[in-house]
Each structure stands twice: as structure tokens, then as C-alpha cells.
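Everything quoted here is computed from the prediction, not taken from an experiment. So that the names make sense, note that chain A is the first sequence line, chain B the second, and so on, each numbered from 1.
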There are 2 protein chains.
Amino acid sequence: MREGAMPRRGGRPTVYDVAERAGVSIATVSFVFKQPGRVRDTTRADVLRAARELGYVPSASARGLANGSTGALGLYSFDMLLETAKFVSGLPSGPAEEPDPRSFPLYVDEVQRGFELECWQQGMALLLSAERSSGVSVMAGVAGRVDGLAVFPGAISTEELELTARAIPVLAFSRAPQDGAVHYVTVDNRGGVRALLAHLVDVHGVRQTRFVGAPVLPDLAERFAGYQEASARTAVPDDAPPVGAEGAGRPSSRLSWRRGAPGRAVVRERPARSHGAGRAARPGGGRPG
Amino acid sequence: MREGAMPRRGGRPTVYDVAERAGVSIATVSFVFKQPGRVRDTTRADVLRAARELGYVPSASARGLANGSTGALGLYSFDMLLETAKFVSGLPSGPAEEPDPRSFPLYVDEVQRGFELECWQQGMALLLSAERSSGVSVMAGVAGRVDGLAVFPGAISTEELELTARAIPVLAFSRAPQDGAVHYVTVDNRGGVRALLAHLVDVHGVRQTRFVGAPVLPDLAERFAGYQEASARTAVPDDAPPVGAEGAGRPSSRLSWRRGAPGRAVVRERPARSHGAGRAARPGGGRPG
DNA sequence: TTGTATGCGTTATCAC
DNA sequence: GTGATAACGCATACAA
């Protein structure tokens with residue numbers, strides 16, 4: 001319980017300061033910002049003026065705590081120093097002695113930009129963060145600050161994804177769909193590569209092709225599968241090992257890129273469980289209207 | 001005051017739930033995450049297990065409210081649909097009927113990536129947001145959720161920047177330094193262009209140059225100034241109007257790009273005021289160690 | 001070592 | 001139309 005409504009420490013101004021300055025109660029101050037119509041015009045003006053004079057900025061923490069949601073979505077991506085780069089690209093790149101942020105996977109930018117745009121249009125804040133190869137999971141730290149979380153493929157275990165999904169909606173990019181609460185989204189990698197090869201052969205008359213990259217991730221595996229399906233049309237036998245397969249950083253055991261592997265690339269969505277009092281974020285969701 | 005320690009609504013699990021499950025008090029749960037050494041090993045194990053079983057994720061809102069800081073830094077950039085694009089590039093681009101996010105100023109990505117990297121290394125979360133040409137200031141909404149805010153040059157008025165700076169440290173990119181609480185950072189645009197021209201002329205033997213872009217922003221004005229300073233060496237008279245100067249969206253009056261304009265490009269920092277109990281964010285600050 | 005109690009700033013439910 | 005006041009979830013002095 002505050003003693004009256006003292007300006008308190010030297011911190012940022014709060015509703016109490018604004019209320020005191022405007023000669024009203026904190027409830028009124030809150031109303032002015034959340035339900036303007038509920039306050040008399042003159043009162044509202046007083047409050048707004050006081051707020052501006054004080055440089056009042058509402059605390060998102062308090063706000064989030066009070067209404068149970070943060071108003072932000074999270075995007076969790078790769079280790080920013082690319083210590084997992086070769087795992088991502090599937091290409092051998094030697095033990096990068098000095099990680100260079102500039103070699104960050106470029107496609108990430110595009111996806112990220114799209115995410116930013118959507119958040120922007122939805123009026124949601126975007127919280128960016130990335131995995132750290134060293135140290136504990138940062139995911140938990142992120143999950144606590146957002147209403148929903150999208151995750152790039154990486155070192156995050158499915159178990160941890162599912163765990164996080166118990167707290168907030170989680171969307172995993174290009175991951176093999178699993179049973180659980182996590183949402184998965186991917187693209188038709190197989191068909192894409194087939195079309196690509198068909199184009200190269202039919203339109204450009206290419207006769208020599210080779211698949212470059214180690215199919216250690218679902219996406220790459222799918223692409224390799226598509227490559228094999230279509231490679232009968234090229235001069236390269238479809239059992240030629242993909243370039244870089246041997247040199248891949250982690251000899252990943254989580255995926256066997258056997259011939260004719262099952263599972264078409266697919267977009268799989270699970271209905272979000274209701275979290276709390278019906279709140280629900282929609283990472284990657286459609287636009288309104 | 002909670003009644004005992006009921007699991008409450010259907011929301012995310014809280015310290016109360018974990019505490020109940022582990023048979024300890026909420027304080028102990030908190031200690032386990034914040035001061036692990038203060039808790040007995042067995043107790044800690046119990047708590048961690050309970051937390052994991054429940055899928056407990058600490059609320060950043062509550063945490064932020066309790067300790068007075070959010071642990072996140074903000075980066076505020078352009079309107080994502082580029083309605084201010086031509087203002088940014090200085091190039092006439094016609095009234096983009098259908099704004100295309102793909103034409104977003106590219107250099108932004110580089111700066112943003114650097115900011116991300118630094119935040120990542122500092123263990124801080126990064127909150128991205130952008131101005132909206134329509135509607136009220138989003139800045140306030142951002143300022144409330146971060147400990148410090150970096151702002152790209154754009155439609156944000158100096159007044160608003162200063163206002164925000166009363167609540168949290170604000171860093172403005174490529175803006176003409178002002179007196180106030182806002183921090184400013186820019187680069188040697190003038191010298192850069194001089195060097196560029198020298199290189200073109202001396203090394204590549206270029207004899208024909210033209211400055212493209214309307215110097216409506218401080219940075220561009222500086223570049224134009226540098227261009228003029230060095231253009232005596234080219235075949236183009238230094239008073240040739242820069243291409244696109246006429247077509248610039250806003251005939252900005254905030255900057256007169258008069259010849260020999262004063263003010264060298266400069267990095268200007270102001271010591272951050274102490275906010276609250278000595279807390280201080282350091283947007284763009286150096287690395288530890 | 002662990003538990004109790006209180007504050008953090010906002011929201012929202014009541015009274016008035 | 002406004003004003004008290006109880007949550008919200010966590011951190012932390014202060015007790016025990």
C-alpha cells in the first residue's frame with residue numbers, strides 16, 4: 001500500500017504520479033488510456049496533459065502482469081555466431097575458428113522480415129532471440145515474455161519444444177511433424193526440387209547435376225528425395241552421394257535419408273489449446289479483415 | 001493474498017503451482033532460479049523437477065515488474081510498408097500504390113543484424129518495432145517494454161524522442177545532434193563520400209559523377225556536402241543539383257542543405273541519466289570483459 | 001536453509 | 001463519472 005501517492009523513488013513516472021498531478025485517482029488515469037469514452041472530456045484532457053508533462057510511459061510489465069498477456073510474439077532463431085552453420089547449410093565449412101556473424105544464413109532474413117511485417121500489421125511487438133550453443137536453454141527466457149513463439153529449425157529438441165508449448169503456442173519451422181502441442185509448418189521441398197530439376201533439364205538443357213548439401217535436416221532430406229525422384233532424367237545416377245554429406249558437422253542420427261523415405265512435405269497445424277482465459281496468440285496467423 | 005496455493009485458473013503454471021508440487025514455498029522456487037546456491041541440493045532438484053513436469057515458464061512481466069527492468073532492448077525502425085521509402089532513399093519512386101515490404105531499405109538489415117548480435121551477446125532480448133505512418137505513436141508502446149531504445153531516422157520528432165528519453169535511454173541513429181537527453185550516433189558521411197570520390201577518380205579514372213538522392217536527411221546532406229567538397233576533381237560542376245532532389249516526397253524544411261553547411265558528422269554521446277535505483281541500459285554499448 | 005510478507009505498476013470490479 | 005482496492009506473478013528483505 002502506497003503512502004498517499006508520493007512521487008516515490010527516482011524511477012519512471014507511474015500512474016500514481018500522473019494521477020497526483022492531474023488531481024484524480026489512478027483508476028481514472030488507467031481509464032483515460034484504456035477506456036477514454038468512460039472519462040469526462042475535461043478530465044481526460046487533464047490526465048493526458050499531466051502524462052505528457054511527466055513523460056509518462058505505461059509499464060508493459062505491469063500491464064502484462066495485469067491482463068495476462070504480453071502483446072508480443074517471439075521469433076527464435078539460430079546461434080548468431082553460426083557455430084551451427086555447417087549443420088544448417090549441410091555444407092562442410094571447417095571448424096570456423098572465428099565465427100563471423102556476416103555468414104549468418106541469409107534466408108533467415110527473409111523469413112524474419114515476413115514475420116516482422118505480420119507482427120507489425122497485427123500491432124504486436126516482436127521479440128527476437130537466438131539459441132546459444134553454450135549455456136542453458138534461452139527458450140524459457142523467451143517463452144516467458146511472449147504470447148506465442150515461432151522457432152527456426154536448430155538445436156532445440158522436440159522435447160523442449162513440447163515443454164514450451166505447454167505454456168504458450170509454439171510454431172516450429174521446417175521440422176518433421178510430431179504428435180503433440182507444437183505446430184509445424186514447412187514447404188513442399190520435394191516437389192520444389194523436382195520442379196527445379198525439370199526446369200533445368202527441359203528448359204536449359206542441363207545434363208549434369210549434383211545435389212550439394214548433407215541431408216541432415218528434414219528439409220534437406222526432402223529436397224534430396226525430390227532430387228533422387230527426378231534425377232533419373234539427368235546424367236548423374238540417383239545414388240550418387242550428395243556433396244558434403246561426409247563433411248557435415250554432426251552425423252545426425254535423427255534422420256536417416258534413406259531412399260524412398262516416407263512423409264511428404266506438409267503443412268501441419270494443430271488447433272491451439274486454450275491458454276488461460278481464452279487468450280490465444282496466432283503466430284504466423286492470417287490477417288484480419 | 002492467495003487462498004493457500006491453489007492451482008488457480010487454467011493459465012500457465014506459476015511459482016505457486018511449482019511450490020505446491022515440490023512441497024516448498026514460492027520463495028524457495030524463486031531462489032532456485034535466481035540464487036541456486038542458496039537452496040539445498042535435494043530441494044533444488046525437487047523444485048526443478050516439479051517445474052519441468054509442470055512446464056513452468058517464469059513470467060517476464062512479473063519478473064520485470066518486480067525488479068524494475070525488462071531485460072530487453074528496443075529497436076525502432078521505419079514504417080514496414082515503406083510509405084516513407086522515398087523519404088528514406090531520397091529517390092523519387094512515385095506514389096507506390098501497393099507498398100511492397102520487399103523494397104525495405106536494405107541497410108537496415110545490416111544495422112539490425114549488428115544490433116541483434118550485440119543484444120545476443122549481452123544476453124538481452126531484442127524488441128523490434130516500426131513506426132506506422134497511420135495512427136498514433138507506437139513509440140510509447142515500445143518504450144514501456146524495454147530498458148533502452150535505439151531509433152532509426154524517420155518520422156519521429158525530436159520532441160517525442162526527448163519525451164521518451166525521460167523514461168528510458170534513447171539512442172538516435174543518424175540524426176543531427178540536439179541538446180537534450182537523447183543520445184546520437186552517426187558516421188563520417190562527408191569524409192566517406194570524399195574518399196569514395198577520390199577512389200573513383202584516382203583508381204578507376206572516373207571523370208563523370210553525379211550525386212543521386214535528395215539531401216533531406218542529415219546523413220544525405222552530409223554526403224552531398226562531402227560530394228561537393230570533392231567534386232572539383234570531377235567533370236561535374238559542384239553546384240549541379242542532386243538527382244532526385246525535386247522528387248523527394250517531403251520538401252523537408254528541417255534541413256537546408258546549403259553549401260558549406262556547418263556541423264561535421266560526429267558521434268555524440270551523453271551520459272545516461274540514472275534511472276530509478278541506478279539501473280541503466282546500454283543500447284549499443286560495448287562488450288564486457 | 002526455508003517460509004512469510006510486502007512491493008512492483010496496471011487492470012478491472014466494485015461501490016459511491 | 002470517479003475513487004478505493006484486490007488481483008496479477010515474481011523478487012526479496014526479514015523472520016524463523
Side-chain angles (χ1 to χ4, degrees), chain A residues 1-9 11-20 22-47 51 54 56-71 141 144-145 167 276-277 279, chain B residues 1-9 11-20 22-47 51 54 56-71 141 144-145 167 276-277 279:
Chain A
M1 311 299 172
R2 284 168 179 287
E3 305 289 335
M6 301 300 294
R8 308 144 311 112
R9 332 154 302 169
R12 347 213 288 212
T14 72
V15 276
Y16 289 91
D17 303 317
V18 178
E20 183 182 22
V24 298
S25 75
I26 63 165
T28 301
V29 175
S30 185
F31 289 151
V32 166
F33 289 101
K34 303 286 291 186
Q35 313 173 40
R38 192 170 161 176
V39 184
R40 187 185 304 158
D41 288 26
T42 58
T43 309
R44 174 155 17 98
D46 290 346
V47 171
L54 263 51
Y56 167 71
V57 169
S59 158
S61 293
R63 199 179 287 232
L65 181 56
N67 60 14
S69 74
T70 67
R145 11 180 32 119
R279 325 161 194 146
Chain B
M1 310 298 171
R2 285 168 177 286
E3 304 291 332
M6 301 299 294
R8 311 144 310 111
R9 333 154 303 169
R12 344 214 291 213
T14 73
V15 277
Y16 290 90
D17 302 317
V18 177
E20 183 182 22
V24 298
S25 76
I26 65 164
T28 301
V29 175
S30 185
F31 288 151
V32 167
F33 290 100
K34 302 285 291 187
Q35 312 173 41
R38 192 170 161 175
V39 182
R40 188 184 303 157
D41 288 28
T42 57
T43 309
R44 176 157 15 100
D46 290 346
V47 172
L54 262 50
Y56 167 70
V57 169
S59 158
S61 294
R63 197 178 285 226
L65 183 56
N67 59 16
S69 74
T70 67
R145 13 184 27 124
R279 323 162 195 146

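B/V29 comes within 4.0 angstrom of no nucleic acid atom, judged by non-hydrogen atoms across all strands. The residue B/S30 sits close to a base: some heavy atom pair falls under 4.0 Å.
A/Y16 has no side-chain polar atom (N or O) that falls below the 4.0 Å cut-off from OP1 or OP2 of D/dG3. The shortest distance between the side-chain N/O atoms of B/S25 and the OP1/OP2 oxygens of C/dG3 is below 4.0 Å. Proximity of A/R63 to the phosphate of C/dT11: a side-chain N or O atom is located under 4.0 Å from OP1 or OP2. Remark: B/T43 is not in phosphate contact with C/dT1, judged by side-chain N or O atoms under 4.0 Å from OP1 or OP2. Using a 4.0 Å cut-off, no side-chain N or O of A/S61 falls inside it from OP1 or OP2 of C/dC8.
Listed nucleotides: C/dA12, C/dG9, D/dG3. Nearest to the side chain of A/A66: C/dG9. For A/V15, counting side-chain heavy atoms from C-beta on, the closest listed nucleotide (C/dG9, D/dA11, D/dT2) is C/dG9. Out of D/dT2, D/dT12, C/dT2, the shortest distance to the side chain of B/A27 is found at D/dT12.
Nearest-nucleotide assignment on DNA chain D puts the 5′-proximal partner with B/S59, out of B/S59 and B/R38. Checking B/R44 against A/I26, the closest nucleotide of DNA chain C that is more toward the 5' end is the one next to B/R44.
Rounded to whole angstrom, the span from the CZ atom of A/R12 across to the P atom of C/dC8 amounts to 15 Å. Distance CG (A/N67) to C1' (C/dG9): 12 Å, rounded to an integer number of Å. Between the CZ atom of A/R145 and the P atom of D/dC8 there is a distance of 22 Å, given to the nearest Å. Taking atom CG on A/L65 and atom P on D/dA6, their separation rounds to 16 Å, with Å as the unit. D/dT2 atom P lies 10 Å from atom CZ of A/F31, rounded to whole Å. Whole-Å rounding puts the A/E20 CD to D/dG3 P distance at 13 Å.
Looking at A/V29 and A/Y16, their side chains never come closer than 4.5 Å, going by heavy atoms from C-beta outward. At least one side-chain heavy atom of B/V24 sits under 4.5 Å from a side-chain heavy atom of B/T43. Inter-residue side-chain proximity for B/V18 and B/V15 is flagged as unmet; no heavy-atom pair is nearer than 4.5 Å.
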